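Bear in mind that the values here come from a model prediction, so they are computed numbers and not experimental data. FYI, side chains are in, hydrogens and waters are out, and symmetry mates aren't considered; it's all heavy atoms of this structure.
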Amino acid sequence: QVQLVESGGGLVQAGGSLRLSCVASGGTFSRSALGWFRQAPGKEREFVAAISRAGVSTTYADSVKGRFTISRDNVKNTVYLQMNSLKPEDTAVYYCALRPYTSAADVAAMYDHWGQGTQVTVSS
């Protein structure tokens, strides 16, 4: 059974940075693509970033390009989301997700496993 646990969320001022981590257990991390999604109050869950199984390919939502960086450590079974130049509109619960395939994906329905989420709040 795959389990994903996010950490690193918190309260930060606009322009600041946070690094989210997501540790996976239960088996298939190194053979899986990973993604980050977020959901703000009253809004649907939206794609943020994704990384392929080997970490060679990454993809980002237009709203975070140039500010966020996704990376992974297949030894530590961890995926990261470095968030710089944060804006109030980045405020949301951030979720990591895993799909047991090679390629990254930007659609939530293509992911099989989800973490519980970590809150990110950016004050103006």
For the residue pair [X] and [Y], establish whether any side-chain heavy-atom pair is separated by less than 4.5 Å.
| X | Y | value |
| --- | --- | --- |
| Arg67 | Met83 | no |
| Thr118 | Leu20 | yes |
| Gln39 | Tyr94 | no |
| Tyr80 | Ile51 | no |
| Arg38 | Val64 | yes |
| Leu4 | Val23 | no |
| Leu86 | Thr91 | no |

Original post:
Is the charged tip of Arg72 near the ring of Phe29: under 6.0 Å from the six-membered ring centre and within 45° of its axis?
Top reply: yes

Subject >> Cation-aromatic face contact Arg45/Tyr95, 6.0 Å, 45 degrees >> reply: yes

I'd like to know if the side chain of [X] and the backbone of [Y] have a donor-acceptor N/O pair within less than 3.5 Å.
| X | Y | value |
| --- | --- | --- |
| Ser63 | Ala61 | no |
| Ser52 | Ala104 | no |
| Glu6 | Gly117 | yes |

Nearest 0.5 Å please: distance from the [atom1] atom of [X] over to the [atom2] atom of [Y].
| X | Y | atom1 | atom2 | result |
| --- | --- | --- | --- | --- |
| Ile70 | Thr59 | CD1 | OG1 | 9.5 Å |
| Ser71 | Gln82 | OG | CD | 8.0 Å |
| Arg53 | Ser30 | CZ | OG | 8.0 Å |
| Asn84 | Leu18 | CG | CG | 9.5 Å |
| Ser7 | Arg19 | OG | CZ | 9.0 Å |

Which heavy atom of [X] sits nearest a heavy atom of [Y], and at what distance?
| X | Y | answer |
| --- | --- | --- |
| Ala14 | Pro88 | CB-CD, 4.1 Å |
| Lys76 | Thr78 | O-OG1, 2.9 Å |
| Ser85 | Ser17 | N-OG, 4.3 Å |
| Ser32 | Thr28 | OG-O, 2.6 Å |
| Ala33 | Ser103 | CB-O, 3.2 Å |

Original post:
Taking only residues two or more places apart in sequence, or in another chain, which ones meet Asn77 in a side-chain hydrogen bond (donor to acceptor under 3.5 Å, both in side chains)?
Top reply: none

**OP:** Determine, using the 4.5 Å side-chain heavy-atom cutoff (strictly less than), whether Val93 and Phe68 are members of one ILVMFWY cluster.
**Re:** no

Donor-acceptor pairs are to be reported for all side-chain atoms of residues 106-114 against protein atoms at under 3.5 Å, with residues two or more places apart or in another chain.
unit_1, atom_1, unit_2, atom_2, d
Tyr111, OH, Ala105, N, 3.3
Tyr111, OH, Ala105, O, 2.6

**OP:** Report, as yes or no, whether the 6.0 Å neighbourhood of atom CD on Gln3 holds more than 12 heavy atoms from other residues, nucleotides or ligands.
**Re:** no

Subject >> Tyr101 atom OH, neighbour heavy-atom count above 12 within 6.0 Å >> reply: no

Original post:
Which residues pass the ring pair (Phe, Tyr, Trp, His ring centres under 6.0 Å) test with Phe47, sequence neighbours left out?
Top reply: Phe37

Subject >> Lys87/Asp90 ion pair, N-O < 4.0 Å >> reply: no

